[in-house]
Amino acid sequence: GGVLARIQRVVNLPKAVIARAVSIGERIKNIKDLIRNKNKFSFNELLRAKNNKMEVIVSFLAMLELVKQKEIMVHQDDMFGDLNINKNGE
């Protein structure tokens, strides 16, 4: 756990950050494709094949980015309920 271990952590960090950025970009594209074929779906539908925590976080960040870009609208009927994702303008 000396200097080499600390250097190793610093060297590995950018790869993790880049990988996350790429996967958010890919997820945004997936959501855009999904919304093109289907005007509305739920966040749970989006997560069907995703079971690890990082994929759920990446999906949520991608969804937020698309809300910011005004591509989609998200609403929630009940507190802690599923998120409903609609194509903006639908």
**Message:** Can you confirm whether Asn88 sits close enough to Lys70 that some side-chain heavy atom of one is under 4.5 Å from a side-chain heavy atom of the other?
**Reply:**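 Asn88 reaches Lys70 side chain to side chain.
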**Minimum side-chain heavy-atom gap Asn86-Asn39 below 4.5 Å** =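 No, side chains not in contact.
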Of all the heavy-atom pairs spanning [X] and [Y], show the shortest one and how long it is.
{"X": "Lys38", "Y": "Glu45", "answer": "NZ-OE1, 2.5 Å"}
{"X": "Ser59", "Y": "Arg27", "answer": "OG-NE, 2.8 Å"}
{"X": "Leu66", "Y": "Ile28", "answer": "CD2-CG2, 3.7 Å"}

What's the separation between atom [atom1] in [X] and atom [atom2] in [Y], rounded to the nearest 0.5 Å?
{"X": "Phe60", "Y": "Ile24", "atom1": "CZ", "atom2": "CD1", "answer": "12.0 Å"}
{"X": "Ser23", "Y": "Met54", "atom1": "OG", "atom2": "CE", "answer": "6.0 Å"}
{"X": "His75", "Y": "Met73", "atom1": "NE2", "atom2": "CE", "answer": "8.5 Å"}
{"X": "Gln69", "Y": "Lys32", "atom1": "CD", "atom2": "NZ", "answer": "5.5 Å"}

**Message:** Just checking Phe41: does its CZ atom have more than 12 heavy atoms from other residues, nucleotides or ligands closer to it than 6.0 angstrom?
**Reply:**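 Check passes, neighbour count above 12.
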**Request:** For residues 58-68, pull every pair meeting salt bridge (charged side-chain N to carboxylate O under 4.0 Å, His left out), keeping only residues two or more places apart or in separate chains.
**Result:**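 Those involving residues 58-68 are Glu65-Lys68.
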**Item:** Contacts of Asp33 that satisfy side chain to side chain donor-acceptor pair (under 3.5 Å) - sequence neighbours left out
**Value:**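 With neighbours one apart ignored, the set is Lys29, Arg36.
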**Message:** My understanding is that only residues two or more places apart in sequence, or in another chain, count here; which of them pass side-chain contact (heavy atoms from CB on, under 4.5 Å) with Val74?
**Reply:**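 Expected list: Met63, Val67, Ile72, Leu83, Ile85.
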**Prompt:** Taking atom types as modelled and ignoring hydrogens, do the side chains of Ser42 and Asn84 form a donor-acceptor contact shorter than 3.5 angstrom?
**Reply:**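 There is no such pair between these side chains.
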